[in-house]
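In listed order, ligands and their atoms are each counted from 1.
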Amino acid sequence: MDGLMHRTAAFSLILLLCACQGRALADTKAALRVIRDQCVGCHKPGKAKGGLLLTTAEKMMQGGDSGTPVKPGKAAESLLYQLCLAEGDPHMPPKKQLAAAELAALKAWIDAGAAWDAAVFDEPPAPRQVKLSTLPAAHQPVLAMALSPDEKLLAVARANTVLLVDLAQPARPVIGSLEGQMEPVPSLAWSRDGRWLVSGGFQKLSIWDAGTRQPARVISQGLVGNVSALVCDASGKAIFAADGESGGAGFIRQFDMTSGTLLATWKAHDDNVLSLRLSAKGDRLLSAGADKMARVWDAASLKLVAALEGHTNHITAAAFNQDATQVATAGADREVKVWDVASREQDAVLGDKKVAFAGIDWTPDGKTLAVITDKGACSLHTDLKKHEGTQRSEASKERKLPAAGEALTCVVITGDSKWVFAGSFEGNVHVWDAADGKLAGRLELSPAPAEKAAPAAK
Ligand code: HEC
């Protein structure tokens, strides 16, 4: 049993960050970590304060408005060090004094010749100690859903619980739940044989036996933030999990499903990864994130196959078509894009540019693309055409479904294109009958504590 797992009706997450103060290390990595963590935020491309970039050795030596800030071998004569001293003017970092150990690391590094080590900038941050505690019970968002491979069960992550909804029964009742996690569940994935359900958490993920609904294993090795996206590989042997500190680089980790061993870890995005998918054949991994990028990876070699660049804001979700020749991305920039993986070109741009898209799902046969917005709208796109200078409205046949009236977070469409499910921040799952285009209602989830006192109006 994992000692961290406690059942609480109300929950949530307050991060009490324990300071992990570095020791006074007089080496290159230690100094560059100070620059990475304390300086780069204001001295990076797009935000070069004082004209100075501190992201590569070359840029640093090019200097800013006042010239080269580092004289290798002479810290006392280097502006970069002088400005960090208590009397520095302008003082760096502007509203803060570096710890003595950090200053010492910078000094020793410059005195030793200011060598560079680019690898420091791709390092995953170390996990921080956190304490989880409870927040208002009214906060019960549905943050993730996953359809079982046989499409009989819909797993719904609501707050800190995963509800299992039986789609084979007409009433779609909740027939079980996975309980015990304290913090919200931001991500969910089924193994392809339907035996295991994997749920994300904070600095951990849990593998549940879908039959007994008990946790089989909790994995936390190396995880630094929320596990924001998850997918199981095709062999059933490994899990891909995305994590990262909030606003920090997005990492993908590969874990062995049975032993929990960390098999691989790589920096996949410059900001948090918000979506992970595996192609139907299992040979391609798709990641997309807050750095506006979508990337396709070889699921075996983990090498980058394609980088899809064109969104101007977060990509909230992404999906493959049936043979992974195309990728669809939903953006906070109010656009849905369909990409050709081989050419990396945009085949189509969908959406009317009015609202941010929050989720996307593509039927396994590639026929129907379901998209949702954070204003409660849901639409289905079929007959996707290649964009050839034509109007947006001609890029696909779009069917707008009646609005849910709540901010939506995630969407699932069944393989036969008949049913669409969308989760909301309020904790509901809305159901549309795609055949007649009607809102069929909501799933009867067990009431959230807040609803018991004041039943939600239908
Ligand atoms: C919150 C933003 C911020 C952070 C963090 C920050 N700086 Fe700066 N930095 C600035 C600004 C703004 C200027 C320009 C100040 C001015 O010209 O008055 C500047 C200027 C500088 C300059 C002078 C550049 C030139 O050529 O004029 C150096 C050197 C420098 N920073 C080093 C650092 C170092 C080293 C750190 C980390 C220990 C750091 N900065 C962290 C905002 C920041």
**Q** Output, in order, the C-alpha distance, side-chain angles, deciding distance and verdict of side chain to side chain contact (heavy atoms under 4.5 Å, CB included) for Leu197 and Leu164.
**A** CA-CA 10 Å; Leu197 194 52; Leu164 296 173; 3.8 Å; yes

**Q** Anything under 30° is parallel, anything over 60° is perpendicular, the rest tilted; go ahead and classify Trp339 against His311.
**A**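 Tilted: the ring planes of Trp339 and His311 meet at 30° to 60°.
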
**Q** Hey, mind stepping through Asp270 and Lys292 against salt bridge (Lys or Arg N to Asp or Glu O under 4.0 Å) and telling me if it holds?
**A** CA-CA 9 Å; Asp270 289 330; Lys292 312 166 194 167; over 6 Å; no

**Q** What atoms of ligand 1 come closer than 4.0 angstrom to any heavy atom of Cys84?
**A**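 Every atom of ligand 1 under 4.0 Å from some heavy atom of Cys84: 35 (C), 38 (C).
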
**Q** Is there a side-chain contact between Val371 and Leu350, using heavy atoms and a 4.5 Å cut-off?
**A**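 Val371 does not reach Leu350 side chain to side chain.
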
**Q** Any atoms of ligand 1 less than 4.0 Å from a non-hydrogen atom of Asp65? List them with their elements.
**A**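 Taking each heavy atom of Asp65 in turn, ligand 1 has 25 (C), 26 (O), 27 (O) under 4.0 Å.
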
**Q** Is a salt bridge present between Asp298 and Arg284, judged by a nitrogen-to-oxygen distance below 4.0 Å?
**A**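 Yes, Asp298 and Arg284 are salt-bridged.
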
**Q** Could you tell me if any non-hydrogen atom of Gly63 lies under 4.0 Å from any atom of ligand 1?
**A**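 So Gly63 does not count as touching ligand 1.
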
**Q** For atom 25 (C) of ligand 1, what is the closest protein heavy atom, and at what distance to 0.1 Å?
**A**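 That would be Ser66 OG, 3.3 Å.
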
**Q** Under 2.8 Å from atom 8 (Fe) of ligand 1, which protein atoms of type N, O or S occur, listed by chain and number?
**A**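 Hits for atom 8 (Fe) of ligand 1 below 2.8 Å: His43 NE2, Met92 SD.
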
**Q** Please collect all salt bridge (charged side-chain N to carboxylate O under 4.0 Å, His left out) contacts where either partner lies in residues 299-313, sequence neighbours excluded, each pair once.
**A**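 Salt bridge (charged side-chain N to carboxylate O under 4.0 Å, His left out) check on residues 299-313 returns no pairs.
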
**Q** Purely on distance, is any nitrogen or oxygen of Gln38 under 3.5 Å from one on ligand 1?
**A**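 No: no nitrogen or oxygen of Gln38 is under 3.5 Å from one in ligand 1.
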
**Q** Check this for me: does any side-chain nitrogen of one of Arg295 and Asp291 sit under 4.0 Å from a carboxylate oxygen of the other?
**A**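 The answer is yes: the pair qualifies as a salt bridge.
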
**Q** In chain order, what residues pass the side chain to side chain donor-acceptor pair (under 3.5 Å) check against Arg253, with sequence neighbours excluded?
**A**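 Listed in chain order: Asp243, Thr265.
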
**Q** Show which atoms of ligand 1 fall inside a sub-4.0 Å distance from at least one heavy-atom site of Gly64.
**A**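 Listed by number with element: 26 (O).
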
**Q** Going by the rule salt bridge (Lys or Arg N to Asp or Glu O under 4.0 Å), which residues pair with Asp256 if we only count those two or more places apart in sequence or in a different chain?
**A**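 In terms of salt bridge (Lys or Arg N to Asp or Glu O under 4.0 Å), with neighbours along the sequence ignored, Asp256 is linked to no residue.
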
